[in-house]
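Notes for the one structure printed next.
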Amino acid sequence: MATRRSITFILLMVVVGLNLRPAMSSVAPLLTRLQESAGLSATAAGLLTTLPVLFLGLSAPLAPALAKRIGSERALSAALTLLAAGLILRGLPLPGGLFIGSAMAGCAIGIGGTLLPALVKRELPDSADLLTGLYTMALCLGGALGAGFSVPLTQLLGSWQASLMSWSLLALFALVLWHFQMPRTTMTSTPTARKSGILRLLKQPLTWHVMLFMGIQSSMAYIVFGWLPTLLVDRGYNEADAGWTMAISIMCQLASALSAPWLARMGRDQRPALLIVLLSTALGLWMLLIAPLIWKWPGAALLGIGQGGSFSLALSLLVLRTANSRLAGQLSGLVQGGGYTLAALGPFGVGIMLQSGANTSQIAWLLIALITVCCGFALLAGRNQRLDDQSGELVIQRVTPTF
């Protein structure tokens with residue numbers, strides 16, 4: 001039976017989740033404009049799209065230590081404060097403000113995104129994987145809002161700077177709501193980041209399987225966030241149509257983000273579900289970037305379904321592959337830290353390829369090849385196993401499916 005505490009927490013989780021993608025998706029539709037008005041080269045534009053992802057990865061492992069010191073709830077408040085400040089800074093006419101603000105936003109997203117899975121595991125452990133799907137749906141909705149409203153806000157507010165800064169209002173709203181309604185506990189809400197515990201996790205192959213799956217699928221997502229509109233413009237789209245195509249693709253992520261954990265519960269393990277969403281992502285990229293333009297809308301839908309499902313399942317693995325919230329927090333910090341640091345190479349690599357003269361088709365085939373590699377790690381990470389240290393030693397347990 002749902003309690004007032006659990007319902008409040010779910011609503012707060014959704015509001016916070018809405019803030020963890022617009023910082024990245026709102027830049028992509030304006031990238032061509034930024035290159036023209038701010039004089040950014042393709043490499044510099046690639047760096048701009050890479051910075052939030054890179055600092056997301058670098059900051060994620062710091063979240064458990066920050067939570068140990070001040071508590072997970074206050075740590076999340078600090079992350080939302082940093083996010084609002086970064087979103088404001090990137091629109092101010094200051095030297096390097098666009099890049100520094102983007103890096104600050106990435107740090108905030110890394111901390112907040114690492115803390116939430118452990119909080120979900122603590123507050124509602126029996127439904128942690130399904131609630132992760134709801135949280136992922138909020139992330140996808142936030143990404144769609146950033147992509148779809150970026151150009152209209154520029155036209156409404158008169159400049160791309162004001163458009164980018166306007167997303168700080170959503171972060172400030174979430175901060176106020178979280179500050180006054182966050183769950184209170186006298187216990188340390190996130191696992192301690194003990195060096196020995198982290199080293200034990202790093203020695204487990206399962207940690208690396210989940211991390212590499214997270215990293216490659218996230219790289220695909222941030223390439224789409226950072227470069228899909230630019231690649232579509234190269235194919236003949238205008239700026240607004242390219243932004244809305246990406247927004248529709250992200251909107252399609254909502255259904256798959258919510259339903260993927262349910263799909264994963266229908267089998268003996270998560271491998272079939274992981275392969276289905278990765279295949280959908282590959283087909284979507286092919287239809288959008290290689291196939292005739294008539295396949296635009298089916299391609300956008302398939303790409304969204306695949307990416308929403310793969311990200312939802314990647315986050316679900318953080319709670320499915322651990323026996324308690326302490327391990328979930330440690331695994332979340334490691335997997336998101338390493339995975340997002342790896343993912344940062346994707347947007348930057350696409351920028352370098354474009355600077356070197358690569359065409360859209362060549363980039364698309366490279367992305368499809370990376371998805372094929374990701375399928376291998378999905379087969380390893382999707383097995384029904386979990387990490388447990390109840391006996392004092394970190395071991396891998398085989399989990400008997402219940403259906």
Side-chain angles (χ1 to χ4, degrees), residues 25 28 133 136-137 139-140 143-144 147 212-237 241-264 266-267 270-317 343 346-347 349-350 353 358-379 381-382:
S25 64
T136 309
M137 187 181 72
L139 293 179
C140 297
L212 290 169
F213 172 76
M214 169 70 84
I216 298 176
Q217 70 84 28
S218 294
S219 185
M220 297 298 107
Y222 292 120
I223 288 170
V224 168
F225 278 142
W227 285 108
L228 182 61
T230 301
L231 296 174
L232 293 177
V233 168
D234 287 343
R235 295 206 77 194
Y237 292 61
D241 285 345
W244 278 111
T245 300
M246 186 174 85
I248 289 171
S249 178
I250 298 175
M251 286 296 292
C252 290
Q253 294 181 14
L254 301 180
S256 61
L258 187 60
S259 61
W262 290 93
L263 175 65
M266 294 174 64
Q270 290 75 50
R271 287 176 290 184
L274 291 170
L275 293 178
I276 288 171
V277 295
L278 289 174
L279 176 61
S280 179
T281 301
L283 282 174
L285 285 171
W286 180 81
M287 288 181 179
L288 282 175
L289 301 179
I290 299 173
L293 295 181
I294 194 175
W295 294 102
K296 175 178 70 173
W297 299 121
L302 282 173
L303 178 63
I305 291 170
Q307 291 200 306
S310 60
F311 185 56
S312 180
L313 290 173
L315 291 180
S316 295
L317 290 177
V350 170
M353 290 180 69
N359 59 43
T360 300
S361 178
Q362 290 171 332
I363 293 172
W365 282 117
L366 177 61
L367 299 183
I368 291 171
L370 287 175
I371 292 173
T372 304
V373 174
C374 192
C375 287
F377 293 113
L379 291 173

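None of the values given here were measured: they were computed from a predicted structure.
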Taking side chain as C-beta onward, heavy atoms only, is Leu379 less than 4.5 Å from Leu275?
yes

Passes side-chain contact (heavy atoms from CB on, under 4.5 Å), Leu303 versus Leu285? Steps please.
CA-CA 6 Å; Leu303 178 63; Leu285 285 171; 3.9 Å; yes

Reference residue Leu228; test side chain to side chain contact (heavy atoms under 4.5 Å, CB included); the match among Val350, Thr245, Val233, Leu289
Leu289

Kindly compute the distance separating CZ (Arg235) from CG (Leu232), expressed to the nearest 0.5 Å.
8.0 Å

Which heavy atom of Leu278 sits nearest a heavy atom of Ala378, and at what distance?
CD1-CB, 3.9 Å

State, yes or no, whether a side-chain contact exists between Lys296 and Leu288 at a heavy-atom distance under 4.5 Å.
yes

Rounded to the nearest 0.5 Å, what separation is found between the CE atom of Met220 and the CD1 atom of Ile368?
10.0 Å

I need the Ser219 OG to Leu367 CG distance, nearest 0.5 Å.
8.0 Å

Can you name the nearest heavy-atom pair linking Pro347 to Trp227, along with the distance?
O-NE1, 2.9 Å

Which atom names give the shortest non-hydrogen contact between Cys140 and Ala257, and what distance separates them?
SG-CB, 4.1 Å

Under 3.5 Å, is there a donor-acceptor pair between the side chain of Ser280 and the main chain of Leu302?
yes

Is a side-chain donor or acceptor of Trp286 paired with a backbone partner of Ala291 at a separation under 3.5 angstrom?
no

Determine the minimum heavy-atom distance between Leu254 and Met137, stating which atoms define it.
CD2-O, 3.1 Å

Does some side-chain heavy atom of Ile363 sit less than 4.5 Å from a side-chain heavy atom of Ile223?
no

Pairs meeting criterion salt bridge (Lys or Arg N to Asp or Glu O under 4.0 Å) with involvement of residues 270-281, two or more places apart:
Asp269-Arg271

CD1-OG1 distance between Ile216 and Thr372, expressed to the nearest 0.5 angstrom:
10.0 Å

For Met214, does its backbone N or O pair with a side-chain atom of Ser218 as donor and acceptor, under 3.5 Å?
yes

So, for Ala242 and Pro229, which heavy atoms are closest and what is the spacing to 0.1 Å?
CB-O, 3.6 Å

How long is the gap from CH2 on Trp295 to CG on Leu283, to the nearest 0.5 Å?
10.5 Å

Check: Ser310 side chain, Gln307 main-chain N or O, donor-acceptor pair, under 3.5 Å:
yes

How far apart are the closest heavy atoms of Thr360 and Leu231, and which atoms are they?
OG1-O, 3.9 Å

Would you compute the distance between atom SG of Cys375 and atom CG of Leu279 and round it to the nearest 0.5 angstrom?
7.5 Å

pair Met353-Leu366: side-chain heavy atoms closer than 4.5 Å
yes

